[in-house]
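Worth saying up front: this structure is predicted, and the values here are computed from it rather than measured. Here is how names work: the chains are called A, B, and so on, in the same order as the sequence lines, proteins then strands, and each is numbered from 1.
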Amino acid sequence: MKEKVTIVLFLSIIYGFFLLNFIMKDEELSIEERRHLKQFPKITVSKVLDGSMMTEFETYTLDQFPFRNTFRSLKANVEYSVFQKLDNNGIYVSNDKIFKIEYPLKEKNVMLFTKKVNQIYEKYLQGMNVYYMIIPDKNYYLDDVHLKMDYDKLYQLTKENIKGLSYIEVRDLLSLDHYYDTDTHWRQEKIIPVARRLEEKMIGNVSNHQYELKTYEPFYGVYYGQAALGGKGETLTYLTNDIIKQAYVENKSDLSFHQVYHLKELGKMDSYNMFLSGSTPFITIFNEENKSGRELVIFRDSFASSLTPLLIESYSKITLVDLRYMGASKLEEVITFENQDILFLYSTMIINESVMLKD
Amino acid sequence: MVLLISSLIFYFYGEQIHIWILLLSCFMNYLFGRMVEKSKNKKLILILAVTMNLGLLGYFKYTDFFITNINTIFQSDISLLRIVMPIGISFFTFQTLSYVVDVYRGTVKANKHFLDFATYVCLFPQLVAGPIVRYKDVAEELNSRKHSISDFERGISRFVIGLAKKVLLANVIGELSVILLEANQPSIIGFWVIALSYTLQIYFDFSGYSDMAIGLGNMFGFHFLENFNYPLIAKSITDFWRRWHISLSSWFRDYVYIPLGGNRVSTLKWIRNILVVWFLTGFWHGAAWNFIIWGLYFAILLVLEKKVYGKFLEKHKVFGHFYTVFLILISFVIFNVNSIADGITFFKNMFGLGSLPFISLETSYYIRSYIVVLVIAFIAATPIFTNLFDKLKQKKGFKIVLNGIEPFYYVILLFIVTAFLIDSSFNPFLYFRF
């Protein structure tokens, strides 16, 4: 009896999944991994003979395996619960929050970052009011059980090597609660003090802006899919008021105009993209309600997307430059540096991977 | 015929261009078998067969090794041929050689049916990763196999266990060795854990493949001999080699060591025999000096055990076990390094001569992270589970329960293995948004 049960179960699994592979429709995208999934490879004689067909077919099979995410979840659970691993693919859960190991500190990359900042400063920004703020990723605030980069060294190296810019501290204003549980980023509703400090340092006075809180749920951050552990989504809160609503954004890459909050992005692959429509090389926010003519240019990563709306009221115009998508050498084609406030706003993760910043 | 075609498709999936080598080997050795049996000058045919088989193996596996050494010795600049080695050539060459030699010795009769013989050589379960199946062990089953439900079920369980050994233990422990080897903060303890990981990884990888081959064989009505017998519980190196890659060590025993005279010769000749066999064993594993050193390392240990302290080890079994494990760890470091210089650096780091700290934060993190897997692997490398399972099965109540659970145990294991395989394609696009 035992023998027959084993055989029936085994063959059912083998042939069952074989059939399911045929029946189930191939997926285009993996929202969890934020990438396109491999489609069935085109069969050619040359690809069969050089073996690339088989390699592509294996990738396709693994990408399109029925119930792929359920299997990934099973694997994550075995890693955590049976093997008691401290992380799975570098992702770990602590205090019901999901983290990714950011380790080790790549000192060469930090030095490269400081070099790039200095080059931009020397070429375009001398004599202007130039500031920089380094946003710690959320591992900074976690206990020492897990591996994390040497943050003190990172801050020390940047302070020692960035010349001519004024440093604005932010670490004392943040804690773990200021970040999403399932995502890399900080929560906009928690970073009003960060915006006020920037205003205080760059403009000299702190205004008392009022905001209306809007929420969206469920928000699944980038780590949610990577952790593959399931669970509830969280709430994404965004802050708005009449000035933010009236401001408009010009996107230089597609010459489009849109609002500060791109609500159509909510519920798509990455809901965080609702802030200034996500990653894009060069955008300008116009606030016609502010007649001061004061301008701000931010060299930034995606942490700035949710922070910048909180600075709009204090400026007539804010330009955001993302050096991951646009080389610094192209700057003079799109912007004239005159008397703007300049802010370099980068997270520790980008500084540690600064090779991705274009020259 | 179906099995042969399936095996060739299986082989073609991984080896497109060189499938002709496999077919040539089948055809050539089929003819050699027939000719050795019929010819009056059997020895000449045998020499021809050995030369042709070793010639193929030598060309594909060792040409660049010899060119490199000639260049080093004579300061010449002969270009490497960068020959791609056909998958499984070491295994199927040794299988076909054993066949021709056995026909020559009269141990087996030459197979008259080419398709049967080709099925033996190409049989997909053991074609690419062993074990080395001798013709005489499967000759009867090639012609008439008995398929049974119990064999099929045994095959499934063995296959799933082998797959789990490979995917859940060997691959996971392999990750640990890579992580520690590339550590930002290496440490002495880290290098010992790498050595341990190498040993466990190779054991579970290779014995996992052997289990899968034996299991698949069972499903198709073949009964291959065991290739591993808990080698990591061995109490001496001699004992270890009775338990590790049994099909290879017995091959060298029967086709090299005994023909050279075995141990029925003078001590000096015996030592020569041991050195020859273990030089070849090392060289079979790979075309690099570290493999040759690895083989000779075992030759020296086997000579010492036989002539100096073998009896001491027999009396002190606990010591013998630690002694064996220690020497095996060292051996797999030699086995894994890319060059002799790398090996020297590795040993310096292991023994505290490399200016590394005893332990680092990073090493400690990964040891904590992988400790449960390592403990599971330690236990799985012993017969504790199997013995316990067998004992419990002898009790009537337990037998019913275990029989009820067992099929589902394999199903769960199969799902977990599938999950690990699927997750190996996990490839998040990390840097596009923060």
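Atom CZ of F378(B) sits in a crowded spot, with more than 12 heavy atoms from other residues, nucleotides or ligands closer than 6.0 Å.
Of the two parts of L414(B), only the side chain, counted from C-beta on, holds a non-hydrogen atom closer than 4.5 Å to a non-hydrogen atom of chain A. Only the side chain of I376(B) comes within less than 4.5 Å of a heavy atom in chain A; its backbone stays farther off. Proximity to chain A is limited to the side chain of Y366(B), based on heavy atoms less than 4.5 angstrom apart. Of the two parts of F10(A), only the side chain, counted from C-beta on, holds a non-hydrogen atom closer than 4.5 Å to a non-hydrogen atom of chain B. V8(A) does not touch chain B: none of its heavy atoms, backbone or side chain, sits under 4.5 Å away. For E175(B), the part lying under 4.5 angstrom from a heavy atom of chain A is the side chain only. Looking at V375(B), there are no atoms closer than 4.5 Å to chain A (heavy atoms on both sides), in backbone or side chain. Only the side chain of E406(B) comes within contact range of chain A, with heavy atoms under 4.5 Å apart. Only the side chain of I101(A) comes within contact range of chain B, with at least one heavy atom under 4.5 Å from a heavy atom of that chain. Using a 4.5 Å cut-off between heavy atoms, F67(A) makes no contact with chain B at all.
I156(B) approaches T6(A) most closely through the heavy-atom pair CG2-CG2, 4.0 Å. Across every non-hydrogen atom of Q16(B) and G51(A), the tightest pair is OE1-CA, 3.3 Å. For the residue pair E362(B) and L147(A), the shortest heavy atom distance occurs at CA-CD2, 3.8 Å. Closest of all the heavy-atom pairs between L86(A) and S369(B) is N-OG, 2.9 Å. V372(B) approaches Q84(A) most closely through the heavy-atom pair CG2-CB, 3.6 Å.
Here the CG atom belonging to L421(B) is positioned 10.0 Å from the CZ atom belonging to F71(A), to the nearest 0.5 angstrom. Separation of atoms NZ (K85(A)) and CG (L176(B)) is listed at 9.0 Å; rounding is to 0.5 Å. L74(A) contributes atom CG, which lies 9.5 Å from atom CD1 of I422(B) (distance to the nearest 0.5 angstrom). Atom OG of S424(B) sits about 11.5 Å away from atom CZ of R72(A), to the nearest 0.5 Å. Taking CG of N69(A) as the start and CG of D423(B) as the end, the distance is 10.0 Å to the nearest 0.5 Å. Note: F17(A) CZ to F415(B) CZ = 4.5 Å, rounded to the nearest 0.5 Å.
Salt bridge annotation for K2(A)-E153(B): present, with a cationic side-chain nitrogen under 4.0 angstrom from a carboxylate oxygen.
For the residue pair Y365(B) and D87(A), a side-chain donor N or O sits within less than 3.5 Å of a side-chain acceptor on the partner. Under the 3.5 Å distance criterion, with hydrogens and angles disregarded, a donor-acceptor pair is assigned to the side chains of E58(A) and Y13(B).
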task: Please assess L9(A) against Y410(B) for the test side-chain contact (heavy atoms from CB on, under 4.5 Å), listing each intermediate value before the final yes or no.
output: CA-CA 9 Å; L9(A) 286 173; Y410(B) 297 124; over 6 Å; no
- request: With side-chain contact (heavy atoms from CB on, under 4.5 Å) as the test, would you mind laying out the steps for K4(A) and F152(B) before giving the verdict?
  value: CA-CA 9 Å; K4(A) 286 179 184 168; F152(B) 199 85; over 6 Å; no
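Contact count versus chain A (heavy atoms, under 4.5 Å) is highest, among I371(B), L361(B), V373(B), V417(B), for V373(B).
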